[in-house]
2 protein chains.
Amino acid sequence: MAADAKAKTVRKVPRGEKRREELAEVAGRLFLKHGFAETTMQMIASEAEASKETLYRHFSSKEALFAELISARAAAVAGPQSALARDEPPATALFELGMSLLRLITKDEGPSLFHIIIADAHRAPELAAIFYERGPGTTLKRLTDYLRSATQRGQLRCPDPRRAAKLFVGAVIAHHHLHCLIGQPPSPITSGEMREHVQAAVEMFLSHFGGQAGMGRETDSESAAPQPEES
Amino acid sequence: MAADAKAKTVRKVPRGEKRREELAEVAGRLFLKHGFAETTMQMIASEAEASKETLYRHFSSKEALFAELISARAAAVAGPQSALARDEPPATALFELGMSLLRLITKDEGPSLFHIIIADAHRAPELAAIFYERGPGTTLKRLTDYLRSATQRGQLRCPDPRRAAKLFVGAVIAHHHLHCLIGQPPSPITSGEMREHVQAAVEMFLSHFGGQAGMGRETDSESAAPQPEES
DNA sequence: ACTTAACCGAACTCACCGGTACGCATTATA
DNA sequence: TATAATGCGTACCGGTGAGTTCGGTTAAGT
């Protein structure tokens, strides 16, 4: 019959927490895609094959729904500390951190997430604040700590680790970030491009802040660019 | 009488082009302050002590008004080329460029302008595009050209001038830019802080890309930081 | 099987905003 | 001073979206 032409029509609709998660997932997708103002509660309900009442049964308001989703995702933007935690040499640690950051900024939900946070920063400043703290703030702090201890170990020479951290992160991130924020569509950065860029940033950084060990200026650029273990 | 209790009530309202400029000025202020969606035509009219009809007599629609104001301001974000155009030595040129960029990003209308462009990038992509091209795009292009010719002159050693330009601009801009975009209120960057940061970026850059002349790594940091001629 | 709580669809309220229409006041100019 | 253009206030239209209500339906626990 025409009734079951769509298999979805006869699915068993889950209740309770399960349903709530479905709604949250859909809402997150739509908010990230269209932004806060351009996403209506009706759109979310329809997309999830639910009704507005169900939506409001689970979430008290659009604002609350948005806040919950965004702050949940804020955890994901805490830059990975793996390379900094292990006692890797600076060249390796910085390269890995740089690659992680660049991936985070340019791939998957990254651009949309930053975009929406910035767009709604004046409407939800406290959200932007926790986002900054968990994301860029945490990354900067970790890198600062790493640079300081690496300096104490004699691997680096950073009299002002926090400023050095800002410089490195900036060099890696900046241009691609702005590009993603302003022109969404054209973000086709190849993996090779990324590696070259991060590599260049690491080399520049180490030229200035490198310690007395043999990791200063070298023509053999391969020495500072180990292949990351995971693509 | 009570009628002239407010002095404003009896001012002579200018007509024609003058009035249009008044309206544009007010609209610009409000758009920059509250964003596109959160600014209503009624707000603009009231703030300018005008009526909506007058507003619509001068501007065909809210969209057109916004576009006119923003693209007019886009001219202002073309990074200054003065230091790059004159044949200053790299240390001086880069320092001046960096200071100009940082000022542009953090002072006056800069943060709001970037903020609103990013926020409305998906609604008005062509506006964002011309903004990027006239602003960051132009700056990057000019710096790339400068680095290339400085390399040919033997003042620098940049095998890939465009990448080098991205690294420098990123190191100077990134952190402060993000900070301004996400957390509007706290942008109290002192002039001294700015100078130190730009200075550090220049030193790092020149450590790696500096030519054979005596402008490589130096402990005398003052040599690369002449006072800018204009505050 | 029966009860209950969750779900659905649709219609509704309420408020806001972009844009327009109209009647009256003010200004510039001839 | 007469006239035309411009500006003002207010009311209105059409549309949209957040949040609510209600009767009927379906899934889950006992």
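Throughout, a chain's letter reflects where its sequence line sits, starting with A, and its residues are numbered from 1.
No contact: Ser60(A) has no heavy atom under 4.0 Å from any strand. Among the protein residues, Ser46(B) comes within range of no part of the nucleic acid, since none of its heavy atoms lies under 4.0 Å from any strand.
Rounded to an integer number of Å, the gap from CE of Met43(B) to C1' of dG18(C) is 14 Å. Per the geometry, CD belonging to Glu17(A) stands 16 Å off C1' belonging to dC7(C), to the nearest Å. For Arg20(A) and dA5(C), the CZ to P distance is 20 Å, given to the nearest whole Å. Rounded to a whole Å, the CD atom of Glu49(A) is 15 Å from the P atom of dT26(D). Taking atom CD of Glu47(A) as the reference point, atom P of dC8(C) lies 14 Å away to the nearest angstrom. One can place CG of Leu65(A) at 16 Å from P of dG17(D), the figure rounded to the nearest angstrom. For the pair Met41(B) CE and dC12(D) C1', the interatomic distance rounds to 18 Å; values are reported in whole Å. Rounded to whole Å, the distance from CG on Leu23(A) to P on dA6(C) is 14 Å.
In this structure Phe59(B) satisfies the ring-ring contact (aromatic ring centres under 6.0 Å, His included) test with no other residue, sequence neighbours excluded. Not counting sequence neighbours, Ser71(A) has no partner by the side chain to side chain donor-acceptor pair (under 3.5 Å) test. Ser100(B) meets the side chain to side chain donor-acceptor pair (under 3.5 Å) test with no other residue; sequence neighbours excluded. Listed by chain and number, the residues in a side chain to side chain donor-acceptor pair (under 3.5 Å) with Glu21(A) amount to none (sequence neighbours excluded). By the side chain to side chain contact (heavy atoms under 4.5 Å, CB included) test, Thr40(B) is found to be paired with Gln42(B), Met43(B), residues two or more places apart in sequence or in another chain being considered.
Within residues 51-58 of chain A, the residues having any heavy atom under 4.0 Å from DNA chain D are, by residue number, Lys52(A), Glu53(A), Tyr56(A).
For the pair Arg73(B) and Phe31(B), the cation does not sit on the ring face, since its NZ or CZ is not both under 6.0 Å from the ring centre and inside 45° of the axis.
Within the structure, a side-chain polar atom (N or O) of Arg19(B) is placed less than 4.0 Å from OP1 or OP2 of dC8(D).
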_Under the criterion salt bridge (Lys or Arg N to Asp or Glu O under 4.0 Å), I'd like the reasoning laid out for Glu133(A) against Lys141(A): C-alpha separation, chi angles, the key distance, then a yes or no._
CA-CA 10 Å; Glu133(A) 191 173 336; Lys141(A) 191 160 171 41; over 6 Å; no
